[in-house]
Amino acid sequence: MTSGVRISWTLVGSGWAGCTLEDRQAKVELIASYITSAPEDLLTAMARLVAGETETRAQFEAEPTAYRWIFHREGADTWTRVLELRHGSDHDNKGTEIWSSRLGVDQLARTVIRCFDEVAQTYGESGYRGKWGEHFPRAELEALRHLWHAQHRGDDT
């Protein structure tokens, strides 16, 4: 597995966020608008992956560009692809792959949890709402964390 993956979420203006995704091979900068539930969608897609789904997706709208995350799970591993699309409604085959990596589901889930824990620490939930325009995705973050912890408790038995 590739190690050293990092995801960061930075509020860059009212209703806008930058998301940096990097590993040892590549680094990409994504933009997300509050017009969709980008952080909630990413956290929910990760929770579904941890729960065992074999394919999940999340999408960030950047008006009109979109960034689509596609996760394919095979056992304990996931193949993650990020496509850049001219329009959010475009089919996958119209997108350009800008990042991909094979990662452990555990590693990826831990990285996403860490990312949003850092967001909460940096901005606080009130500050986040003030800049993003929506509530911090606490419920989705805690659901992912719960599933991730439950998976680890199961490994110990």
Side-chain angles (χ1 to χ4, degrees), residues 1-51 53 55-73 78-88 90 92 95-149 151:
M1 290 304 100
T2 304
S3 60
V5 67
R6 175 141 170 78
I7 301 172
S8 64
W9 182 266
T10 307
L11 299 176
V12 293
S14 183
W16 292 95
C19 179
T20 303
L21 174 59
E22 63 183 305
D23 64 9
R24 292 182 178 166
Q25 305 300 316
K27 177 178 178 178
V28 294
E29 302 279 342
L30 314 176
I31 299 291
S33 167
Y34 77 102
I35 65 166
T36 60
S37 303
E40 292 88 348
D41 291 349
L42 180 60
L43 288 160
T44 299
M46 283 307 313
R48 290 172 49 205
L49 200 67
V50 169
E53 287 195 27
E55 181 178 322
T56 65
R57 294 165 175 253
Q59 185 160 304
F60 295 175
E61 295 293 335
E63 304 179 53
T65 303
Y67 299 97
R68 186 171 298 150
W69 302 63
I70 305 170
F71 306 98
H72 291 282
R73 182 178 178 149
T78 182
W79 181 254
T80 302
R81 299 173 60 215
V82 178
L83 305 178
E84 182 175 8
L85 300 129
R86 286 184 60 170
H87 301 283
D90 286 350
D92 291 351
T96 301
E97 184 176 283
I98 59 172
W99 190 86
S100 68
S101 187
R102 186 170 181 84
L103 302 162
V105 172
D106 177 70
Q107 175 189 16
L108 186 56
R110 213 173 39 239
T111 299
V112 171
I113 291 167
R114 186 177 303 122
C115 169
F116 284 95
D117 281 346
E118 289 172 2
V119 170
Q121 183 178 14
T122 300
Y123 300 102
E125 294 193 26
S126 176
Y128 178 91
R129 180 168 170 71
K131 286 194 76 129
W132 180 245
E134 298 293 338
H135 290 287
F136 181 80
R138 177 60 62 194
E140 292 82 359
L141 175 59
E142 294 310 322
L144 172 57
R145 190 187 321 274
H146 175 76
L147 284 168
W148 183 75
H149 282 300
Q151 178 186 45

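Bear in mind the structure is a predicted one, so any value in this text is a computation, not a measurement.
Considering all non-hydrogen atoms of both residues, H72 and I70 come closest at NE2-CG2, 3.5 Å. Across all their heavy atoms, V50 and A109 have their closest contact at CG2-CB, 3.6 Å. Across all non-hydrogen atoms, the minimal contact from T36 to E61 is CG2-CG, 3.4 Å. Closest heavy-atom contact between P137 and E40: CB-CG, 3.8 Å. The minimum heavy-atom distance linking Q59 with A66 is given by the pair NE2-CB, 3.8 Å.
Taking D90 as the reference, nothing meets the side-chain hydrogen bond (donor to acceptor under 3.5 Å, both in side chains) condition, with sequence neighbours excluded. In this structure, E134 has no salt bridge (charged side-chain N to carboxylate O under 4.0 Å, His left out) partners at least two apart in sequence or on a different chain.
Note that OG of S126 is 13.0 Å distant from NZ of K131, once rounded to the nearest 0.5 Å. The OG1 atom of T111 sits 8.5 Å away from the CE atom of M46 when rounded to the nearest 0.5 Å. The OG atom of S37 sits 11.0 Å away from the CG atom of L43 when rounded to the nearest 0.5 Å. Atom-to-atom distance recorded for W99:CH2 and L21:CG is 4.0 Å, nearest 0.5 angstrom. The CG atom of D117 sits 13.0 Å away from atom CZ of R110, with the distance rounded to the nearest 0.5 Å. For the atom pair CG of L49 and OG1 of T78, the computed distance is 4.5 Å after rounding to the nearest 0.5 Å.
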Open item on the list: Test side chain to side chain contact (heavy atoms under 4.5 Å, CB included) on W148 and D106; report intermediate values, then the result.
Closed with: CA-CA 7 Å; W148 183 75; D106 177 70; 2.7 Å; yes
Open item on the list: With side chain to side chain contact (heavy atoms under 4.5 Å, CB included) as the criterion, how do V105 and F71 come out once you've worked through the C-alpha distance, each side chain's angles and the decisive distance to 0.1 Å?
Closed with: CA-CA 10 Å; V105 172; F71 306 98; over 6 Å; no
Task: V28/V82 under side chain to side chain contact (heavy atoms under 4.5 Å, CB included): CA gap, chis, key distance, verdict - done: CA-CA 9 Å; V28 294; V82 178; 5.5 Å; no
Open item on the list: Please determine whether side chain to side chain contact (heavy atoms under 4.5 Å, CB included) holds for the pair D41 and W69, giving the CA-CA distance in whole Å, both sets of side-chain angles, and the decisive distance to 0.1 Å.
Closed with: CA-CA 10 Å; D41 291 349; W69 302 63; over 6 Å; no
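When atom types are taken as modelled, the side chain of R81 and the backbone of R68 share no donor-acceptor pair closer than 3.5 angstrom. With R48 contributing its side chain and E53 its backbone, the two residues share no donor-acceptor pair below 3.5 Å.
Taking the side chain as every heavy atom from C-beta outward, Y128 and T122 never approach each other to under 4.5 Å. Using a 4.5 Å cut-off on side-chain heavy atoms (C-beta onward), I98 and Y67 make contact. When side chains are defined from C-beta on, T65 does not count as touching I31, because their heavy atoms never get closer than 4.5 Å. For the pair H146 and H149, the minimum side-chain heavy-atom distance is 4.5 Å or more. For the pair T44 and T56, the minimum side-chain heavy-atom distance is 4.5 Å or more.
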Atom pairs and distances, side-chain donor-acceptor, residues 5-19, under 3.5 Å, sequence neighbours left out:
{"residue": "R6", "atom": "NH1", "partner": "E118", "partner atom": "OE1", "Å": "3.3"}
{"residue": "R6", "atom": "NH2", "partner": "E118", "partner atom": "OE1", "Å": "3.3"}

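No more than 12 heavy atoms of other residues, nucleotides or ligands lie within 6.0 Å of CZ in R86, so this atom counts as exposed by the packing criterion. The environment of Y34 atom OH is sparse: at most 12 non-hydrogen atoms of other residues, nucleotides or ligands sit within 6.0 angstrom.
Counting only N and O atoms by type, the side chains of E63 and S33 include a donor and acceptor under 3.5 Å apart.
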